[in-house]
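Below: the structure, in structure tokens.
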Amino acid sequence: MAAPGGICLTAQCHALVQASCEVEPMGSHVLKGFAGATALYALTGVSQAALAQRFPDAGRAKFRGRAHEINLLHDAWAKTDRRDAQVVGICAPPGAGKSRLCHEFAQWCNRHEVPVCEVRAQLYGHATPLQPILELLRVFFFAITGGDDAETARGRIARRLADTSTSDDLALVQEFLGVATPGDKPSSLSPKSRHDRLISLVREQIRHLSAAPAVVVIEDIHWLDEASEEFVSALVEAVAGTRTMLVLNYRSSYQVPWGQAAHFREVLLPELSRKDSHALVGDLMGPLASLEEVRTLVVQRSAGNPFFAEELVRSLRENGVLVGDGSVRGGLQAAERALPATV
Ligand SMILES: Nc1ncnc2c1ncn2[C@@H]1O[C@H](COP(=O)(O)OP(=O)(O)OP(=O)(O)O)[C@@H](O)[C@H]1O
Ligand SMILES: [Mg+2]
């Protein structure tokens, strides 16, 4: 039922995730294997509120370990600040803590008054190509905010491009960002020429911005659509010798096409150490000594993956084994029964 590359949800699934998702109703359909008609919804986006609460357990659980990776990011920033911009790729399996590491680094940048721009590729990115690039252009290059109307956005783009670009470029960017001047003829360039010109403009803008320090974080680039990947490759190349640092994260299945670039460094994020996992699970469960056996069990089962640790503790709570801020009902056996074999 879903459009190519799209995702649709059944009513039951929608009920579980509605706080986090934006959908459009698709009406009721008869599906193979289901009795009667099923209401379906097309997934159109992830709600901003959900993105703002990306780390719901962060209030309870401190950021643990990762001193080596944080130091490496700080060093990369120090080089970038000296006009030797670095590109850091953080690579690990799902749930290992790539986003959290980037978030902690972004917080550090905020505290040091380094502007940070964060964009993300989405799971359904192939259905809506170039979304992360549109976002990057809006936020990073043209400082367009959600509250800006089309005219304000056009003004921001015009001011930005005033010294470096022609009126054709201006019209092209405004059209690309969906704020073309009403009544203007659409660009006569072929889609391929338009794409190539936009990539060149991104390169030029990065060079033009080169005096101002900044960090751009692009999340989940394993989900980039092909056209966006071309832009990101251009960005990687263009930042060399500027003061714009790029931090990219991706799952281990993804191979970056710019692996050989001299200013690129890949960081393979390892599992959390046993000590750090133990501390994390303690934060999540509560510190009481009576929990120690169960805590050790969760540490073992989570195998150094902080997302697994969170999910395991959540399932102990949901099953009524872990109660309040620290008692275990039914002891170790009950916990063993309550924990899922896999997360
Ligand atoms: N070092 C850490 N200390 C404490 N909690 C952590 C740490 N790393 C990650 N977490 C928590 O574990 C959960 C999963 O982390 P995160 O979302 O960063 O994983 P990820 O590698 O980005 O996964 P995905 O591939 O699905 O995007 C989050 O709730 C995060 O707050
Ligand atoms: Mg992530």
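First listed ligand is number 1; within each ligand, the first listed atom is number 1.
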Handout entry: Gly65 touching ligand 1 at heavy-atom level, < 4.0 angstrom
Key = no
Practice task
Decide whether Ser302 and Asn305 meet the rule of one side-chain donor and one side-chain acceptor closer than 3.5 Å.
Solution key: no
Handout entry: For atom 23 (O) of ligand 1, the protein heavy atom that lies nearest, with its residue and separation
Key = Gly95 N, 2.8 Å
Practice task
Decide whether Phe140 and Val247 are clustered together by the hydrophobic rule: side chain heavy atoms of Ile, Leu, Val, Met, Phe, Trp, Tyr closer than 4.5 Å, transitively.
Solution key: no
Exercise for the section: Kindly write out the residues that satisfy side-chain contact (heavy atoms from CB on, under 4.5 Å) with Glu118, not counting sequence neighbours, or none if the list is empty. Expected result: Arg54, Ala106, Val116, Val217
Practice task
Tell me yes or no: between the side chains of Tyr250 and Glu266, is some donor less than 3.5 Å from an acceptor?
Solution key: yes
Completion exercise
closest protein heavy atom to atom 26 (O) of ligand 1 is Arg251 NH2, 2.7 Å
Handout entry: ligand 1 contact on His103 by region, counting heavy-atom pairs under 4.0 Å
Key = neither
Exercise for the section: Taking only heavy atoms of Phe63 into account, list the atoms of ligand 1 that are under 4.0 Å away from them. Expected result: 1 (N), 2 (C), 3 (N), 4 (C)
Handout entry: Closest to atom 7 (C) of ligand 1 (judged by heavy-atom distance), picking from Glu219, Glu310, Arg100
Key = Arg100
Completion exercise
Distance filter < 2.8 Å from the Mg ion (ligand 2), protein N/O/S hits 1
Fill in the blank from the handout: Note: ligand 1 atoms sitting under 4.0 Å from heavy atoms of Leu280 are 4 (C), 5 (N)
Practice task
Considering only non-hydrogen protein atoms, determine which one is nearest to atom 10 (N) of ligand 1 and report residue, atom name and distance to 0.1 Å.
Solution key: Pro306 CB, 3.5 Å
Handout entry: Joint hydrophobic cluster, Val236 plus Val88, side-chain heavy atoms closer than 4.5 Å
Key = no
Exercise for the section: Name the closest protein heavy atom to atom 3 (N) of ligand 1, giving the residue it belongs to and the distance to 0.1 Å. Expected result: Arg64 N, 2.9 Å
Exercise for the section: Give the residue, atom name and distance (to 0.1 Å) of the protein heavy atom nearest atom 4 (C) of ligand 1. Expected result: Lys62 O, 3.2 Å
Practice task
Answer with yes or no whether the hydrophobic clustering places Leu268 together with Leu272; edges join I, L, V, M, F, W, Y residues whose side-chain heavy atoms lie under 4.5 Å apart.
Solution key: no
Practice task
May I ask you to check whether Glu292 and His278 show a side-chain donor-acceptor distance below 3.5 Å?
Solution key: yes
Practice task
Give a yes or no on whether Leu123 and Met1 share a hydrophobic cluster (residues Ile, Leu, Val, Met, Phe, Trp, Tyr; joining criterion: side-chain heavy atoms under 4.5 Å apart).
Solution key: no
Fill in the blank from the handout: If you scan protein heavy atoms around atom 21 (O) of ligand 1, the nearest is Lys98 NZ, 2.7 Å
Problem - Close side-chain approach of Ile144 to Val139, heavy-atom, < 4.5 Å - result: no
Problem - ligand 1 contact on Asp220 by region, counting heavy-atom pairs under 4.0 Å - result: side chain
Problem - Residues Lys192 and Asp196 bridged, charged N to O under 4.0 Å - result: yes
Problem - Residue and atom name of the nearest protein heavy atom (relative to atom 17 (O) of ligand 1), distance in Å to one decimal - result: Phe55 CE2, 3.8 Å
Handout entry: Contact list for residues 159-173, test salt bridge (charged side-chain N to carboxylate O under 4.0 Å, His left out), sequence neighbours left out
Key = Asp169-Arg197
Handout entry: Flag for Ser99-Glu219: side-chain donor and acceptor within less than 3.5 Å
Key = yes
Handout entry: Minimum-distance protein heavy atom relative to atom 16 (P) of ligand 1
Key = Gly97 CA, 3.8 Å
Under 3.5 Å, which donor-acceptor pairs link side chains of residues 25-41 to any protein atom two or more places apart or in another chain?
residue: His29; atom: NE2; partner: Met26; partner atom: O; Å: 2.8

Handout entry: Option of least heavy-atom distance to atom 14 (C) of ligand 1 (set: Phe308, Tyr250, Phe307)
Key = Phe307
